[in-house]
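Quick notes on the structure that follows.
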Amino acid sequence: MVGGVLQIAGLLVGGIGMIGTFAVTGMPQWRVSAFIENNIIVFETIWEGLWMHCIRQANIRMQCKVYDSVLALSPDLQASRGLMCAGSVLSFLSFVVAIIGMKCTRCVQSSWQAKGYIILTAGLLFILSGAVELIPVCWVANTIISDFYNPMINVAQKRELGEALYLGWAAAFCLIAAGAIFCCFYRCCEKTRSYGYSAPTHYPTHSQHLHSKTESSYSKSQYV
């Protein structure tokens, strides 16, 4: 019962993290224009993502354009492209492996050794995908914060943290939590399996001793 609840909870949390990872990879709101000092033109918002940048005017019209070249991006965004794509693939692979493990995993002695490793693999892949996603999100956030407080950078070039970064942190947390849940499920079932293998030792009871003594006395009387 507890194992089934853990599997369902891990799959749901992992699915939320996977969908969030896909959304973060495609969202343009990684860097958002900062309205500070002389840059107070609030009717125009600039979004910069991994694949395109968008200009939104007065919440009415939005124009997006794909980057002409990867080399035109900053180093953190260039690396974030590859890392987020790798994180998306890992999260999808983890979700598929978890589904396969849920369909065939039962805590029984005969088939646990092979099937339990499927759940463990899914948990480790979930944790790995969450760690891979954290790297670009934290890297870009650190770059934005450093540039924001750098007096050498022009005010018009300063950016703030976008919604994609916050969603990325939440998605990475869900992936890591799902991996931890599946690893806990593996540990619980491994303990159940070890308990099942250790058969209890049967000691002769007092009645069995009396029965054996009675039989021995009967056998001796037959010889007299």
Side-chain angles (χ1 to χ4, degrees), residues 12-96 125-179:
L12 290 177
V13 176
I16 294 173
M18 180 190 65
I19 296 173
T21 302
F22 292 158
V24 171
T25 305
M27 288 176 63
Q29 296 98 327
W30 281 64
R31 294 178 171 179
V32 181
S33 56
F35 303 108
I36 56 175
E37 297 181 7
N38 297 327
N39 189 21
I40 56 175
I41 306 177
V42 296
F43 61 86
E44 184 175 276
T45 304
I46 299 176
W47 294 343
E48 296 178 2
L50 301 179
W51 313 97
M52 65 184 70
H53 69 278
C54 301
I55 299 177
R56 187 177 183 181
Q57 297 177 350
N59 296 328
I60 299 176
R61 183 181 179 186
M62 184 174 64
Q63 296 178 346
C64 295
K65 182 181 179 182
V66 180
Y67 295 119
D68 296 329
S69 175
V70 180
L71 300 177
L73 297 175
S74 57
D76 56 342
L77 291 182
Q78 291 181 21
S80 297
R81 274 192 175 188
L83 290 172
M84 288 304 300
C85 290
S88 300
V89 173
L90 285 174
S91 62
F92 178 75
L93 181 62
S94 306
F95 190 77
V96 173
L125 286 175
F126 270 123
I127 295 176
L128 179 62
S129 60
V132 170
E133 184 175 356
L134 277 178
I135 295 174
V137 173
C138 294
W139 188 358
V140 173
N142 181 65
T143 303
I144 294 173
I145 295 173
S146 300
D147 294 343
F148 187 85
Y149 292 106
N150 189 357
M152 302 300 295
I153 296 180
N154 189 12
V155 176
Q157 296 178 347
K158 293 184 177 182
R159 298 291 182 262
E160 292 183 352
L161 304 179
E163 292 84 353
L165 298 180
Y166 296 103
L167 182 59
W169 281 315
F173 173 77
C174 289
L175 292 174
I176 295 175

Query raised in the report: Going through the distances and angles, do M52 and K65 end up as a side chain to side chain contact (heavy atoms under 4.5 Å, CB included)?
Result: CA-CA 5 Å; M52 65 184 70; K65 182 181 179 182; 6.0 Å; no
With rounding to the nearest 0.5 Å, note down the distance linking [atom1] in [X] to [atom2] in [Y].
X: W30; Y: L165; atom1: CH2; atom2: CG; value: 6.0 Å
X: S94; Y: L125; atom1: OG; atom2: CG; value: 4.0 Å
X: T45; Y: Q29; atom1: OG1; atom2: CD; value: 10.5 Å
X: L90; Y: I127; atom1: CG; atom2: CD1; value: 12.5 Å

Which atom pair, heavy atoms only, marks the closest approach of [X] to [Y]?
X: V140; Y: S80; result: CG2-OG, 3.4 Å
X: W139; Y: A79; result: CZ3-CB, 3.3 Å
X: G130; Y: I176; result: CA-CG1, 4.0 Å
X: V13; Y: A177; result: CG1-CB, 4.2 Å
X: I16; Y: C174; result: CG2-SG, 4.2 Å
X: S91; Y: L175; result: CB-CD2, 4.0 Å

Report task. With the side chain counted from C-beta on, respond yes when L73 and L50 share a heavy-atom pair under 4.5 Å apart, and no when they do not. Result ->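 When only atoms from C-beta onward are counted, L50 and L73 do not touch, as no gap falls below 4.5 Å.
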Query - Contacts of V96 that satisfy side chain to side chain contact (heavy atoms under 4.5 Å, CB included) - sequence neighbours left out - result: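 Partners of V96 by the side chain to side chain contact (heavy atoms under 4.5 Å, CB included) criterion, ordered by chain and then number, come out as F92, I100.
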Query raised in the report: What residues, two or more places apart in sequence or in another chain, satisfy side chain to side chain contact (heavy atoms under 4.5 Å, CB included) together with F173?
Result: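 Side chain to side chain contact (heavy atoms under 4.5 Å, CB included) check on F173 returns nothing, list empty.
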**Report entry** Chi angles and distances behind the side chain to side chain contact (heavy atoms under 4.5 Å, CB included) call for H53, W47
**Finding:** CA-CA 5 Å; H53 69 278; W47 294 343; over 6 Å; no
Taking distance alone, no hydrogens or angles, what donor-acceptor pairs closer than 3.5 Å link side-chain atoms of residues 20-27 to residues at least two apart or in another chain?
unit_1 : atom_1 : unit_2 : atom_2 : d
T21    : OG1    : G17    : O      : 2.7
T21    : OG1    : E133   : OE1    : 2.8
T25    : OG1    : T21    : O      : 2.8
T25    : OG1    : S88    : OG     : 3.2

Query raised in the report: Does Q78 reach the main-chain N or O of V70 with its side chain, forming a donor-acceptor pair under 3.5 Å?
Result: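 Yes, Q78 side chain to V70 backbone: donor-acceptor pair under 3.5 Å.
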Query - Sequence neighbours excluded, every pair satisfying salt bridge (charged side-chain N to carboxylate O under 4.0 Å, His left out) that has a member inside residues 16-31 - result: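 Every salt bridge (charged side-chain N to carboxylate O under 4.0 Å, His left out) pair that includes a residue of residues 16-31, provided the two are not neighbours, is R31-E48, R31-D76.
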Query - Criterion side chain to side chain contact (heavy atoms under 4.5 Å, CB included) on V32 and R159, from CA distance to verdict - result: CA-CA 5 Å; V32 181; R159 298 291 182 262; 6.0 Å; no
Run the side-chain donor-acceptor check on residues 144-152: report pairs under 3.5 Å with partners two or more places apart or on a different chain.
unit_1 : atom_1 : unit_2 : atom_2 : d
S146   : OG     : N142   : O      : 2.8
N150   : OD1    : M152   : N      : 3.1

Requested in this report: Please lay out, stage by stage, how M84 and W51 fare under the test side chain to side chain contact (heavy atoms under 4.5 Å, CB included).
Outcome: CA-CA 11 Å; M84 288 304 300; W51 313 97; over 6 Å; no
Query - Qualifying ring pair (Phe, Tyr, Trp, His ring centres under 6.0 Å) pairs, either residue in residues 150-172, two or more places apart - result: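 Output for this query lists Y166-W169.
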